[in-house]
2 protein chains.
Amino acid sequence: MPPTDTRSAAPEARQTVTSEAVLDAALTLFAERGYHGTALSQIAERLGIRTPSLYNHMRSKQELLETLVAATLRDVLADFHGAVADSEDPVVQLRAATRVYALRHATHRREALVVNRDTTSLPEPALTEMRERRREHERAIRSIITRGIECGAFAVGNAGLASFAILEMSVSIARWFREGGPRSAEQVADEYAEFALRICRYRG
Amino acid sequence: MPPTDTRSAAPEARQTVTSEAVLDAALTLFAERGYHGTALSQIAERLGIRTPSLYNHMRSKQELLETLVAATLRDVLADFHGAVADSEDPVVQLRAATRVYALRHATHRREALVVNRDTTSLPEPALTEMRERRREHERAIRSIITRGIECGAFAVGNAGLASFAILEMSVSIARWFREGGPRSAEQVADEYAEFALRICRYRG
DNA sequence: CCAGCTAGCTAACGCTCGTAAGTTTCGCTT
DNA sequence: AAGCGAAACTTACGAGCGTTAGCTAGCTGG
């Protein structure tokens, strides 16, 4: 990720901005103030260019949001499928799935904040598509819990309720986690994976 | 709560809007599209009046948000203090505190969504004040957990992590709960209170 | 060494926003 | 019946938004 120094002190080099840098700046500001609370002028300022120059690297403000959300949800699902591939055991799978999900929310805080706050601001074809991806993830977690109940590993009244609770407590890590704080992202993720199993009443 | 019929079919009565109705309309729209995503014209339209007429019932758009957030956080803290007053037992207190918090998020979904999404859009004196109230709540939950660990009722690695997880999984109820769905608000609240104790590893 | 592409720039657009000022309408009280 | 006040209205403003058009400078490849 290129931080793209807001202003190069030396005037010798023609500074140029990549579309990755635009996405990165947009990501930071959307996470901070929300999509509607962020003006393109603020993104441009952060990159050291004028507002219209942004259009050399993007098609529209909405496209920025769409790209960010789509990429994030794609990565989340990829994480998930990678995590549950190693085993068929619901206990192992739920621990691994929660771990990668929690870990992602600690290490990709901005993405998580934007997805959770501003997905609803997407234009309609994309909105439904993105909601479907989230639902797919939720259903997958739920089915792990259901299988765990069936085989006696879990004891929880309602798999849906548990899956919501597990996912959303993990999401919230993005709100308070700070890199360089008392706990590493991995430690937090391990702890949350444990919480997930406790919610499902696995006596580990 | 006065729903204030958007348009009275009968033209006989001079329809008049109260400031409670304005707050209610703002609450609905802020919850739906976010503070920055909502225009005063939309609030006015929902009330069947013209935009400038809103100023007979409020001072500014920001004041609307401030009022809504302040009232909600006040009620949350009142709920909490009412819930933990009955007992000194950390197990009983954590169950009761989680129950009322979860219940509030099921029964006051709009308020919860606005507080969680748009508190950061508040102007600076209010922002710090509101953050302080949330922190106060979080500290109170954490201290219950810490006391539970000390007396051996709970076994959890870190009280802070657990309190975050418990609070945030409850907050998210506002995102999916629907009145008239398969489970009542009370049932969900009870289940979540149980989740909280499981996270803290109380073998109930 | 020049042509062309890239990525800046300025200027300007049309629109919407929040808000202010002043006016009209209408029900209630006296 | 008159008058007052509340709450609606119209009109208008200045600012800021996202976006377009057209121009310019500089690096790159032939």
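Order of the sequence lines sets the chain letters (A, B, ...), proteins ahead of strands, with each chain counted from 1.
- The number of heavy atoms from other shown groups lying within 6.0 Å of CZ (A/R178) is above 12.
- Within residues 31-44 of chain B, the residues having any heavy atom closer than 4.0 Å to DNA chain C are, in order of number, B/T38, B/A39, B/L40, B/S41.
- Going from atom CG of A/L54 over to atom P of C/dT10 covers 14 Å, rounded to whole Å.
- Among residues two or more places apart in sequence or in another chain, the ring-ring contact (aromatic ring centres under 6.0 Å, His included) test is passed with A/H137 by A/F80, A/Y101.
- Protein atom CZ of B/R59 is 18 Å distant from nucleotide atom P of C/dG18, rounded to whole Å.
- In this structure, the NE2 atom of A/H57 is 14 Å from the C1' atom of C/dC5, given to the nearest Å.
- Contact annotation: A/T51 does not reach the phosphate of D/dG18 (side-chain N/O to OP1 or OP2, under 4.0 Å).
- Look at B/R50 and you'll find a side-chain N or O under 4.0 angstrom from OP1 or OP2 of D/dT10.
- A/R198 has no carboxylate O lying under 4.0 Å from a charged side-chain N of A/E191, or vice versa, which leaves the two without a salt bridge.
- Side chain of A/Y55, nearest nucleotide from D/dC9, D/dA8, D/dT19: D/dT19.
- Atom CE in B/M58 sits about 9 Å away from atom P in C/dA20, given to the nearest Å.
- Between the CD1 atom of B/I49 and the P atom of C/dT19 there is a distance of 14 Å, given to the nearest Å.
- Of the candidates A/E32, A/R33, A/R117, B/T120 forms a side chain to side chain contact (heavy atoms under 4.5 Å, CB included) with just one, namely A/R117.
- Nearest to the side-chain atoms of B/S53 among the listed nucleotides C/dT19, D/dT19, D/dC9 stands D/dC9.
- Taking only side-chain atoms of B/P52, from C-beta outward, the nucleotide of C/dA21, C/dG8, C/dT10 with the closest atom is C/dA21.
- Across the protein-nucleic acid pair, B/K61 atom NZ and D/dG16 atom C1' stand 13 Å apart, rounded to whole Å.
- Contacts of A/S60 with the nucleic acid, taken as non-hydrogen atoms under 4.0 Å apart, involve only primed sugar atoms and P, OP1 or OP2.
- Rounded to whole Å, the distance from CD on B/E63 to P on C/dT19 is 10 Å.
- Contact annotation: side chain of B/N56 to base of D/dA6, donor-acceptor pair absent below 3.5 Å.
- Look at B/E138 and B/R131 and you find no salt bridge, because none of the NZ, NE, NH1 or NH2 atoms lies under 4.0 Å from a carboxylate O.
- Here the closest heavy-atom approach between residue B/R46 and residue B/A25 is recorded as CD-CB, 3.9 Å.
- In this structure, A/L47 places its CG atom 16 Å from C1' of C/dC9, rounding to the nearest Å.
- Aromatic ring orientation, B/F164 versus A/W176: parallel (interplanar angle below 30°, classes split at 30° and 60°).
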